Amino acid sequence: MLKELFTKNTTKKKKYATIPTEAAKNDVPEGIMTKCPSCKTIMYTKELNKNLKVCLHCGHHFAMNAKERIVSFLDEGSFNEIDENMVSVNPLNFPDYLEKVEKDRQKTKINEAVVTGYGSVNGNNIVVAIMDSTFRMGSMGSVVGEKITRAIEKADEMSVPFIIFTASGGARMQEGVLSLMQMAKTSVALKRFSDNGGLIISIMTHPTTGGVSASFASLGDYNFAEPGALIGFAGRRVIEQSIREELPEDFQTAEFLLKHGQLDAIISRPELIDKITNLLEIHQPGGELEW
Ligand SMILES: [Zn+2]
């Protein structure tokens, strides 16, 4: 009897206390519910999407892909995509590059990290370029640079404003210097367009970094950002190491850049259409500002 008592426990499966990992704590059934990474509130994905992917509790702006942006920003049915079939080659024979691009193409159903085209916002014709951070982290290779350049030239040809939504991890390393050259190419195209009287509006979304922040993202007549967006050239740690100083907590956020004169305004998504419409209209003959 006594013996049994002692053996009983050993045959029983050991019970371990489970400590949820950070990842598990954030694990919310995908699809139906979404957890806000900022305030941790769990909400219906449907409601969140209805609210332009802005958290209903704290206003956190969730990333929007190019397609969602087109639907939410442009007049219904007005968008005509251009250069949609332009695809990357592998100029440096970088290992697995084309396979990675192909994988992202399958995943995102777009051919590159930027979607360009023309359409209208409240009846105002524009050309728009929308970067998509879900495709190769929105990195800028030759195709991204070329598509943006062509979009700027299209705006010039149509004599309509050019609006760009940026979201990028920077230049695409697999295309080496060819990626970096896109900074110069897009900048020259913007300068030409500007000299011809074209209006350029840049809206930086989270994250806009590296060569993209250092070229077309910052070259608008108006440079705006979404709340909380990370915007910067080099990463925080790299800067801290090179200047040997600790950087402020909000460094490289849209709010910090606005305070320091690098941005013209921060515009939240729900007010974006109205503000941009107003801007587009004041740049028409006889327009008036109602900011
Ligand atoms: Zn929130």
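Since the structure is predicted, the reported quantities are computational estimates derived from the model, not experimental observations.
- Leu279 CG to Ile163 CD1: the interatomic distance, rounded to the nearest 0.5 Å, is 8.5 Å.
- Within 6.0 Å of atom CD in Glu76, 12 or fewer heavy atoms from other residues, nucleotides or ligands are found, so the atom counts as exposed in its surroundings.
- A side-chain donor from one of Gln182 and Lys185 sits under 3.5 Å from a side-chain acceptor of the other.
- For the pair Thr205 (side chain) and Thr166 (backbone), a donor-acceptor distance under 3.5 Å is present.
- A distance-only check finds no donor-acceptor pair linking the side chain of Thr209 to the backbone of Ile231 [under 3.5 Å].
- Ser78 places a side-chain N or O within donor-acceptor distance of the main-chain N or O of Ser120, the cut-off being under 3.5 Å.
- The nearest pair of heavy atoms linking Ser168 to Gly138 is OG-O, 2.6 Å.
- Counting all heavy atoms, side chain and backbone alike, Ala171 lies closest to Leu180 at CB-CD2, 3.8 Å.
- At a threshold of 4.5 Å between non-hydrogen side-chain atoms, the residues Phe135 and Ile110 count as touching.
- For Phe79 against Thr116, the heavy-atom pair with the smallest separation is CZ-O, 3.6 Å.
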Go through Val114 and Ile130 one step at a time and tell me if the side chain to side chain contact (heavy atoms under 4.5 Å, CB included) criterion holds.
CA-CA 5 Å; Val114 68; Ile130 301 166; 5.6 Å; no

Residue pair Arg69, Glu226: steps toward the salt bridge (charged side-chain N to carboxylate O under 4.0 Å, His left out) verdict:
CA-CA 13 Å; Arg69 185 71 71 175; Glu226 287 196 331; 2.9 Å; yes

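- In this structure, the side chains of Ile239 and Gln252 come closer than 4.5 Å at one or more pairs of heavy atoms.
- Here the shortest heavy-atom pairing between Phe193 and Val160 reads CZ-O, 3.3 Å.
- The shortest side-chain heavy-atom distance between Arg150 and Glu146 falls under the 4.5 Å cut-off.
- Val238 and Phe233 end up in different hydrophobic clusters when Ile, Leu, Val, Met, Phe, Trp and Tyr side chains are linked at under 4.5 Å.
- Atom OH of Tyr44 is surrounded by 12 or fewer heavy atoms from other residues, nucleotides or ligands within 6.0 Å.
- A donor-acceptor pair shorter than 3.5 Å cannot be found between the side chains of Ser215 and Ser187.
- Pairs engaging residues 44-60 under the salt bridge (charged side-chain N to carboxylate O under 4.0 Å, His left out) rule: Lys53-Glu68 [sequence neighbours left out].
- Asn223 and Ser218 share no donor-acceptor pair across their side chains, judged by distance under 3.5 Å alone.
- A side-chain donor-acceptor contact under 3.5 Å links Lys107 to the backbone of Thr134.
- At distances below 3.5 Å, at least one donor-acceptor pair connects side-chain atoms of Asp75 with backbone N or O atoms of Gly123.
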Please report, to 0.1 Å, the donor-acceptor pairs under 3.5 Å made by any side chain of residues 280-287, with sequence neighbours excluded.
| residue | atom | partner | partner atom | Å |
| --- | --- | --- | --- | --- |
| His283 | NE2 | Tyr222 | OH | 2.8 |

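- A donor-acceptor contact shorter than 3.5 Å is absent between the side chain of Ser72 and the backbone of Leu52.
- Val127 and Val188 fall into different hydrophobic clusters, where Ile, Leu, Val, Met, Phe, Trp and Tyr side chains are chained together by heavy-atom contacts under 4.5 Å.
- No side-chain donor-acceptor contact under 3.5 Å links Ser194 to the backbone of Leu190.
- Electrostatic pairing of Arg237 and Glu240 does not count as a salt bridge here, judged by no charged N lying under 4.0 Å from a carboxylate O.
- Salt bridge absent: Lys67 and Asp132 never bring a charged side-chain N and a carboxylate O closer than 4.0 Å.
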Salt bridge (charged side-chain N to carboxylate O under 4.0 Å, His left out) between Asp104 and Lys100: does it pass, once the steps are laid out?
CA-CA 6 Å; Asp104 278 7; Lys100 281 180 180 159; over 6 Å; no

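- In this structure, Val128 and Leu74 have side chains that are in contact, with non-hydrogen atoms separated by less than 4.5 Å.
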Set out, in order, the CA-CA distance, both residues' side-chain angles and the distance that settles side chain to side chain contact (heavy atoms under 4.5 Å, CB included) for Leu258 and Phe256, then state yes or no.
CA-CA 5 Å; Leu258 179 67; Phe256 182 88; over 6 Å; no

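- The environment of Arg236 atom CZ is dense: over 12 non-hydrogen atoms of other residues, nucleotides or ligands sit within 6.0 angstrom.
- More than 12 heavy atoms of other shown residues, nucleotides or ligands fall within 6.0 angstrom of atom CE in Met86.
- Criterion: ILVMFWY side-chain heavy atoms under 4.5 Å apart, direct or through other members. Under it, Met183 and Ile152 are part of a common hydrophobic cluster.
- Grouping the Ile, Leu, Val, Met, Phe, Trp and Tyr side chains by contacts below 4.5 angstrom, directly or via other members, places Met181 apart from Phe216.
- In this structure, a donor-acceptor pair under 3.5 Å is present between the side chains of Glu112 and Ser88.
- Annotation: side chain of Pro37 is in contact with side chain of His60 (closest heavy-atom distance under 4.5 Å).
- Enclosure of atom CE in Met43 by more than 12 non-hydrogen atoms of other residues, nucleotides or ligands within 6.0 angstrom is indicated.
- By the 4.5 Å heavy-atom criterion applied to side chains, Ile200 and Pro161 are not counted as neighbours.
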Derivation of the side chain to side chain contact (heavy atoms under 4.5 Å, CB included) call for Leu199 and Phe162:
CA-CA 6 Å; Leu199 174 68; Phe162 174 69; over 6 Å; no

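- Checking side-chain atoms of His61 against main-chain N and O of Val54 turns up no donor-acceptor pair under 3.5 Å.
- Here the side chain of Ser202 pairs a donor or acceptor atom with the backbone of Ala217 at under 3.5 angstrom.
- Val144 and Leu92 are not part of a single hydrophobic cluster, where members link through side-chain heavy atoms under 4.5 Å apart.
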What's the verdict on side chain to side chain contact (heavy atoms under 4.5 Å, CB included) for Met204 and Leu257, showing C-alpha distance, side-chain angles and the deciding distance?
CA-CA 11 Å; Met204 292 173 242; Leu257 295 180; 5.8 Å; no

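- Residue-environment remark: CD (Glu271) exceeds the threshold of 12 foreign heavy atoms within 6.0 Å.
- With rounding to the nearest 0.5 angstrom, the NZ atom of Lys154 is 9.0 Å from the CG atom of Asp83.
- Among all heavy-atom pairs drawn from Gly145 and Thr186, the shortest one is O-CG2, 3.7 Å.
- In this structure the side chain of Ile276 reaches within 4.5 angstrom of the side chain of Phe73, judged on heavy atoms.
- Scanning all heavy atoms of the two residues, the minimum distance from Gly228 to His206 falls at O-ND1, 4.1 Å.
- When side chains are defined from C-beta on, Pro91 counts as touching Glu175, because their heavy atoms get closer than 4.5 Å.
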